[in-house]
Every structure is written in C-alpha cells, then in structure tokens.
Amino acid sequence: MKMEKIMRSKVKDLLNAAPGRDVLAKGWVRTKRGNKQIKFIALNDGSTIHNIQVVADMEKFDEDLIRRITTGASLCVKGKLVESVGSGQAVEISAEEIEVYGDCDPVRFPLQKKDTSLEYLRTVAHMRPRTNTFGAILRIRHAMAFAIHKFFNDKGFVYLNTPIITQSDAEGAGDMFLVTTLDLAEVPFKENGKVDFSRDFFGKKTCLTVSGQLEGELGATGVGEIYTFGPTFRAENSNTPRHLAEFWMIEPEMAFYDIDDNMDLAEEFVKYLVQYALDHCMDDLRFLNDKYDEGLVDRLHSVLGISFQRLTYTEGIEILEKAIAEGHQFEFPVHWGTDLQSEHERYLVERHFGKPVILTDFPKEIKAFYMKQNEDGKTVRGMDVLFPKIGEIIGGSEREASLEKLEQRIEELKMDRKNLEWYIDTRRYGTVPHSGFGLGFERLLLFVTGMANIRDVIPFPRTPKNAEF
Ligand code: 4AD
Ligand code: MG
C-alpha cells in the first residue's frame, strides 16, 4: 500500500495538537485491545512517555493486517487527528491507512509482562530503550547533557576535548586500563624484565583516561574557563550501585577561581541542572516518581531553595565521631585521616543536615597531588559535594599554583615526573590561582531519575566482568 505524502508528526507533538487535520504517525505498538468491530492501538515513538491511541475501524481494514499488529510491531499510520471520546487522552488518530513495517512475534517477544525487572532489561539491549522506564531515562539523560552545554555556554566557558588515550594518571590512583597493540603472546621485555613499551603503538605506555583535568588546566590557563564532557575509565574493582568502569564526567576548570568561587559554581551548576529537569522533563520524572521512587520530585525540589551546607572535613569527622559516641553504627570505621565511605557521607547529608553538603579541606594523604596545600601542612583545599541517596556527586579543588609546592608534593608521592613536565610548565610560565571540579554524569542522573543502580542510567553499562553489547 502506498501512503500519500504527509509530513510525519512525532507522537509528542500530536498529543498537543488541535484535532481536525490529517496526520501521519510512525512508531511501535505498545498494546492492542478492542473487539470485532474496533481496535485500539497504543502507539509510541519514543518522543514522549505517552502513547497516542490509534483507532482502527475493522470495516476499513483487512483481518490479516490487524492480526500482524502485535505488541512490539512497528507501524506507519495515516489518519485524522480527532477528539478522543475515551478518557485518558485529548486526541487520538482515527486510522485510514496502516502499514506494518516490521512484525514482532508475540510469543518470542522478549518483553513479556512477567519479566521486566531492571536486571533482566540489562540483558536485552535492543528492548531496553523501548520500555517506558528506559525511554524516560534516555530522554532525561539527553536533556541533562544539553543543559550542561547550555549552562557553560551561557557563561562563556569553552568546551575542551581532552584525550581519551593518555599517559597521565591524573588521580594517581593507578586504576587505569592499558591501551596497547602489543601481541600479548609475545610481549617484548627490556633487560630489567619490564615491558618494552617503546615497541608499542605510541612508543610509550598509554592508558584510557581517568580524568581530563590535567589537560583541562592547560586549557583554562590560556582561555580562562573551560569544561570537558567526555567518557572516563576506571579499572577499580568496585561492584557497587554507584560505580562504573566507564562513565561520563563533566570537568570545568577556571583560571582566577579560588575554592569559594569553585563551590559557588558547583552549587549553582547542580541546582541549574535539577531546575532544568523539573522544567523540561516533568512527564518522565512523574512516571519514574510513581513507578520507582515516590519521593523523587519532592527530593528534586528540596535541593533548590536552600544553601548547601559547607563544612570542613575535620568538622565532618567530629559530627560522625559524635554520632558513634551516641550509638550510631557504621559498617566502616571513621576517624581523622580516613577517606569517608558513602554511608558516612549519607549520614551527614540525610541524617545530620538534611540537605546537600560540601566538605572541604581534606587530609592531603587521601587526595590527589594537584590540590592546593593549606598553611597547616596537613590539609589540602579539596571539595566534595555530597548528595542525598548518592553520597559524592562532585569532587574538585583549588589547584596548587605554586611551582615549588607542586614539585615538592610530586616528589613526596614519588610520582614519575618525566610524564608530567608538560603539566608542571603551567606553574612555570605565568601561573595563576585556579580551581575546578568533576561531576560524575551518571551520579547526577541517579539523583535526577531516582534510580537505585548506576547501571540503569547509562545505555550500555561497563562494570567488572561485564562489557556486553
Ligand atoms: O572525585 P573524582 O575522582 O575527581 C576527579 O577525577 C577530578 N579530576 C575532578 C576534577 O577536579 N576535575 O571524580 C569526580 C566525580 C566523582 O565525584 C563521582 O561523581 C564521579 O566522578 N565518579 C564516578 N562515577 C561513576 N563511576 C565511578 N567509578 C566514578 N568515579 C568517580
Ligand atoms: Mg572524589
């Protein structure tokens, strides 16, 4: 059957359109119900969480064609947009012509009502985006990515693309994935028994980046304010609902910002993103709120009208030690000098302050080499933004701007300087006070969508022992 040429409309636009005109819609069947005289087909094209109802009068259609319209099948429908008589929608399509693009075997269809658990959906990559849940998440993920670019563009920041293949272990944690073309069956060794990376593709040892920050600092100390937004990779063996081996990070870096300016920007940034989600993604948020997390929309509102609680790490430890003295039990020990676990972070945020917290001034031993050293000789000017249900969502700092102090820290940590000279040069030629931070994109999405597992806010999650699709 040939369709007369009408412009195709997205379901989202049709649902908001005035009835009366001829329309063309394309999408996948969610459900079909009805009787011998009339069929009601719920059609979705991914443009919105809502379906458009297609009404097919059986007098106009061939039985065989209607039989092929099963859940999951893809259709092209021409008809008139009319006021809906049924409840639940303002308009519907009174079908005149229907073409089935692709049949979908109802017996073998992998999205049966009986198993649509989030765990199961992770195993059917082609079906995941067809579900209401993942459709909502993908649309919100897109809206947040767009809002991130808009936020920084409106402030005059330059989007800087930093390398994915790198030799620098910015965070010094050593949990990097090796990038090599060496034949693993015939690895060349040097006399000292170490791998001879001079024979490798790049002539040196290279890895996937854990952060674009160091390169970002080079950009910021030239064009002033930059941000990166790209994939980062960490080979840490953390099988938690908050860790991915491949995740996306947004890293702004600003010349002439001190730690307070940095905190102000971070707070403004996340509030902007939450507000953007509330303004632009309400249909999807409501769906997620009703299906998974009753407190979601309220929690999003709750971070907007208030100031985040700012306190030092030392003050945070005092609060946690007091909680323990009063009988609160944590799984992990906590005392001055330990890195906080997410249970400690969440205690501060959810139990003690009841709002997001920005912790600053950490013991230098638990933070990276580039953080500005405080006068006390013990702490560095780092900042972590902690959020309800998530814990750390942002990590950042004012950077050590003094060449001497930076070199001394690199030495103390016995880092390999030879791969860092290009970075150290920024402190040699016109160094400036500067700051920056990294927002974990999927951690942000955990907060905005209310999902409990980080694997469910990224299209193709990579975690230990899992790199499907
Ligand atoms: O705190 P991190 O390690 O900081 C940095 O990488 C700095 N270079 C950022 C900067 O100052 N430019 O990581 C930043 C954020 C964390 O707060 C967290 O939200 C996220 O990245 N993150 C992860 N997200 C998912 N899976 C993981 N394995 C993550 N590791 C960090
Ligand atoms: Mg961190």
Side-chain angles (χ1 to χ4, degrees), residues 144 148 152 157 160 162 166 168-177 208-220 225-254 257 259 261-263 265-266 269-270 273 313 339-342 344-345 349 356-360 362-363 366-372 380-387 389-400 423 434-448 451 453-458 461-464 466:
M144 291 293 90
I148 286 161
F152 287 120
F157 281 54
L160 183 77
T162 50
T166 178
S168 86
D169 179 2
E171 294 306 298
D175 42 15
M176 301 180 86
F177 290 100
L208 294 178
T209 185
V210 294
S211 159
Q213 177 196 323
L214 303 194
E215 292 89 351
E217 288 186 50
L218 270 60
E225 291 159 333
I226 64 93
Y227 69 105
T228 73
F229 187 175
T232 40
F233 308 86
R234 296 197 183 176
E236 48 191 342
N237 207 353
S238 322
N239 242 319
T240 81
R242 278 176 294 276
H243 287 87
L244 290 164
E246 177 179 295
F247 64 99
W248 288 65
M249 191 162 31
I250 301 97
E251 295 185 273
E253 191 70 35
M254 299 75 62
Y257 273 50
I259 186 79
D261 302 326
N262 204 24
M263 286 192 277
L265 183 75
F269 180 43
V270 276
L273 296 177
Y313 167 90
D339 213 351
L340 296 188
Q341 301 292 323
S342 114
H344 306 131
E345 296 171 340
V349 172
V357 166
I358 310 184
L359 272 190
T360 58
F362 297 85
I366 61 170
K367 290 294 182 189
F369 75 100
Y370 52 69
M371 292 193 183
K372 184 176 172 67
V380 289
R381 219 162 283 179
M383 62 167 217
D384 280 0
V385 180
L386 315 179
F387 255 52
K389 289 198 72 175
I390 318 288
E392 181 189 334
I393 192 166
I394 284 179
S397 76
E398 185 170 340
R399 316 306 188 192
E400 183 51 77
Y423 175 75
H434 64 289
S435 300
F437 60 83
L439 168 69
F441 190 42
E442 287 77 18
R443 297 261 176 104
L444 169 82
L445 288 169
L446 278 179
F447 182 72
V448 172
M451 299 308 283
N453 194 316
I454 200 162
R455 292 165 181 81
D456 294 322
V457 294
I458 187 164
R462 268 85 184 90
T463 48
N466 168 49

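Residue numbers start at 1 and run along the sequence shown. Every number for a ligand or one of its atoms is a count from 1 in the order of the listing.
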Mind telling me whether Phe369 and Tyr423 have parallel, tilted or perpendicular rings, with 30° and 60° as the class edges?
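Correct class here is perpendicular.
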Quick one: sort the Phe447 and Phe387 rings into parallel, tilted or perpendicular, breaks at 30° and 60°.
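Ring orientation of Phe447 relative to Phe387: perpendicular.
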Quick one: does any side-chain atom of Glu442 pair with a main-chain N or O of Trp248 as donor and acceptor, under 3.5 Å?
yes
For the side chain of Asn262 and the backbone of Gly436, is there at least one donor-acceptor N/O pair under 3.5 Å apart?
yes
Could you check if a side-chain atom of [X] sits within less than 4.5 angstrom of a side-chain atom of [Y], using non-hydrogen atoms only?
X: Met263; Y: Thr360; value: yes
X: Gln213; Y: Thr232; value: no
X: Leu359; Y: Glu392; value: no

Verify whether the ring centers belonging to Phe233 and Phe177 lie closer than 6.0 Å.
no
In the protein, how many N/O/S atoms are under 2.8 Å from the Mg ion (ligand 2)?
1
State whether Arg234 and Glu171 are salt-bridged, where the test is any N-O pair (Lys NZ or Arg NE/NH1/NH2 against Asp/Glu carboxylate O) under 4.0 Å.
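So Arg234 does not pair with Glu171 through a salt bridge.
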For ligand 1, would you mind listing the residues that have at least one heavy atom less than 4.0 Å away, ordered by chain and number?
Glu171, Ser211, Gln213, Arg234, Glu236, Arg242, His243, Leu244, Phe247, Met249, Glu251, Tyr370, Glu392, Ile393, Ile394, Gly395, Gly396, Arg399, Gly436, Phe437, Gly438, Gly440, Arg443, Ile454
